[in-house]
Amino acid sequence: MSRNSIKILPGALVCEESKLRGDITIGAGTIIHPSATILAEAGPIIIGDCCLIEEQAKIIHRLPFDEQDTEKTPVLIIGAHNVFEVDCHVESPKIGNCNVFESKCFVGNKVTVTNGCTVGAGCKVTEEQILKENVIIFGEKCQMREGLDRPGLQTLQMETLSKVLPNYHHIRKPNKKN
Amino acid sequence: MSYIVSPDVVKYACTCGLLKPISCLYFCRYCCELRCGFCVCHEVDSHFCGKCCENLPSSEARLKKNRCGNCYICPCCQQELSTRIGSKGPSNPEDPKSTPKKMYYLSCLYCRWSSRDVGIPDQGAATGGWPERENVHANRLQEVIEGYKAFITAQRQQKEREKKKQRGKFISYTDRTGVTAAALRKRIGLPAEVPNTYYRNRPKPPEVAIAREEVEDFPEDLLTKALNLMEITTIDQRLLQPDLQPTTVDKLFPIHKQLSIKRSLRCRSCEHNVSKPEYNPNSVKFKIQLFAYYHIPEVRIVTVEPLRAGKTAELILKFTNPTQHQTVITFLPLDLTDKGGDGDREVVGETQSLNLPEKQPPSLGGQPSSLLSLSSRQPSITIKPRPIRQATNCSIAIPGSKVILPPRDDAAEYDDSGETHNIQDDTKLVVWRKSNKAFVKLAVTPDDGLELNTEIVAGFTMQHIYTNTIATTVENKEPDRHDHNVRVFLSLGNLVGSE
């Protein structure tokens with residue numbers, strides 16, 4: 001899996017300094033900051049539209065230890081409108097839409113994330129489970145509660161970033177037609 | 001600060017016998033004694049809300065049950081709630097061009113709880129107007145409170161009446177003639193004693209609460225239904241609302257934020273303030289801050305050789321003079337049993353504070369006049385120095401020579417000239433010095449026969465010259481210099497095995 005094949009759809013903003021390894025497809029409108037890390041070790045990663053991946057965020061597609069010998073090459077599909085905040089570490093095998101991974105959180109490789117979930121700052125989720133829709137994990141003890149709604153979209157922030165980032169960083173060119 | 005002094009390896013003995021790091025101690029300039037948080041009077045200066053920084057007088061704070069009227073905390077995670085704007089349709093549905101109406105709701109940025117979660121309607125105004133929950137037992141509580149209030153007033157009246165009776169300014173003629181009120185009453189045929197007015201005016205006690213006999217049936221579905229922990233509140237969340245104690249999350253309502261206080265600390269033996277904050281809640285400064293850190297030389301452990309039982313090890317301590325005056329440090333052996341210097345000092349301190357009324361320094365202009373009158377009072381409590389409950393298991397060879405520490409100079413840090421102050425040092429004692437700091441080499445010997453890994457504690461008495469800058473009398477402008485003893489305890493680490 002050492003060969004890199006990065007497919008960037010038009011409209012995506014991927015900074016050159018970001019660390020992308022393996023087979024990665026990046027959807028339209030997605031913003032990837034410099035020094036974000038995306039590693040597709042176990043299989044390809046497909047990132048949906050309008051995701052925001054901030055500095056030092058790590059998305060790693062890696063199989064759990066007990067499944068590493070199998071010949072499967074699972075695909076990590078990340079839905080649309082997900083926010084990966086600064087220094088979060090996500091190894092989840094499946095991520096839905098509109099999730100927020102706050103700063104310094106950790107999501108293990110046995111946690112399936114559905115839609116509208118929020119993993120709070122500094123929270124560590126490692127136990128094998130499927131996070132239900134709109135679940136919010138917060139606090140020192142990783143308390144869980146069910147939210148009423150999905151977390152709000154970061155449209156304003158993304159608009160600003162798409163204007164500002166190209167002024168100060170080299171941007172990878174989209175290499176894929178819709 | 002805490003990260004510099006946080007492993008409490010160097011502790012100072014407070015006058016009250018407790019051992020504390022220097023950052024937790026106060027120094028009363030008037031009695032020249034160390035004081036800690038446990039041996040000063042704590043007084044509430046002002047109540048304020050930590051979020052909106054509003055100052056509340058204590059009577060109003062009491063009326064509001066020590067809570068802020070405008071700020072709320074999250075019932076879910078106890079963080080502060082912030083007001084957020086959510087637009088909700090146009091103000092005029094017929095006119096599509098009209099600006100959307102602004103609606104406000106409360107939201108927690110930490111756990112994303114919002115007032116919409118529990119169905120509190122959005123408000124049209126940014127501040128206030130949030131519906132207050134009525135306590136179901138409010139009437140009963142009010143009744144009980146009123147009942148007891150009446151009870152107190154009745155008791156007070158009774159006491160006053162008794163006082164009046166005892167005073168009896170006027171001599172009753174009936175007393176002289178032997179015809180007392182009681183005798184008269186007897187003659188007419190009434191009971192001799194006037195029934196006590198207290199019993200006559202006794203207020204009606206509040207209705208007695210009666211326990212209900214019938215109990216709600218045990219809900220069967222507790223055993224049959226799967227428990228959804230996300231709908232159940234935690235103990236913390238329940239105790240946050242003692243009047244409701246909600247069991248499910250849909251009954252969590254925003255809670256008024258509790259007020260904080262500013263607190264001044266007063267020395268108990270001379271009643272001078274050792275710490276007084278500025279009144280303004282926005283300010284973190286102090287009007288009076290007699291922290292030991294600013295008056296007592298600070299001791300820090302630089303290095304210590306591995307400690308072996310019965311073997312002498314080298315210990316290097318750093319002394320820092322925080323004051324604007326030169327000081328001389330003398331090492332004295334630690335004497336735990338004797339109140340020695342300290343005990344004598346205590347007496348001296350007391351006589352000084354007793355004499356304070358005449359000596360009241362004019363330099364106290366910074367203090368409000370009310371405090372001056374307070375400070376002229378005699379000490380309310382005589383604090384006896386208590387023994388220190390800390391055993392030492394290591395001896396320190398007390399050096400005979402003294403260490404001179406120059407005054408603190410904030411500019412010295414930027415001075416590269418290497419000024420040495422021309423101090424004739426005992427080179428065996430002082431290893432290095434710069435501006436107001438000096439490294440001192442001491443020899444420590446852990447006691448023989450200690451087991452491995454026992455914590456080694458050494459102690460000595462540090463005598464330093466303290467320059468008291470409060471002019472004691474008007475004509476005596478010379479600052480008052482005298483010796484002050486502090487007992488210092490050092491935790492040097494654990495005993496290691498022999499080589």
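Since the structure is predicted, the reported quantities are computational estimates derived from the model, not experimental observations. Each chain gets a letter, A, B and so on, in the order the sequences are listed, and its residues count up from 1.
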TODO: May I ask you to check whether over 12 heavy atoms, not counting those of B/K64, lie within 6.0 Å of atom NZ?
DONE: yes

Task: Atom NZ of A/K104 with >12 non-hydrogen neighbours under 6.0 angstrom - done: no

Task: With B/Y105 via ring pair (Phe, Tyr, Trp, His ring centres under 6.0 Å) - residues at least two apart - done: none

Task: Atom pair CD1/CE of A/I136 and B/M230 - distance to nearest 0.5 Å - done: 10.0 Å

Open item on the list: If you count every heavy atom of other residues, nucleotides or ligands that lies below 6.0 Å from A/I171 atom CD1, does the total exceed 12?
Closed with: yes

Open item on the list: If you count heavy atoms of other groups shown closer than 6.0 angstrom to NZ of A/K58, is the number above 12?
Closed with: yes

Task: Which portion of B/Q78 sits near chain A, non-hydrogen atoms under 4.5 angstrom - done: neither

Task: Nearest-0.5 Å distance that lies between atom CZ in A/F138 and atom SG in B/C76 - done: 3.5 Å

Open item on the list: Within the supplied structure, the quantity of interest is the number of heavy atoms (other residues, nucleotides, ligands) at a distance under 6.0 Å from B/R62 CZ; does it exceed 12?
Closed with: no

- [ ] Answer yes or no: are there more than 12 heavy-atom neighbours, outside B/F218 itself, under 6.0 Å from its atom CZ?
- [x] yes

Task: B/H137 atom NE2, over 12 foreign heavy atoms within 6.0 Å - done: no

- [ ] Please test A/Q143 against B/T234 for side chain to side chain contact (heavy atoms under 4.5 Å, CB included), starting from the C-alpha separation and ending with a verdict.
- [x] CA-CA 9 Å; A/Q143 286 187 64; B/T234 63; 3.6 Å; yes

Task: Heavy-atom contacts under 4.5 Å, residues 146-166 of chain A to chain B - done: A/E146, A/L148, A/P151

Task: Working for side chain to side chain contact (heavy atoms under 4.5 Å, CB included), residues A/R145 and B/W113 - done: CA-CA 9 Å; A/R145 56 176 289 262; B/W113 183 92; 3.6 Å; yes

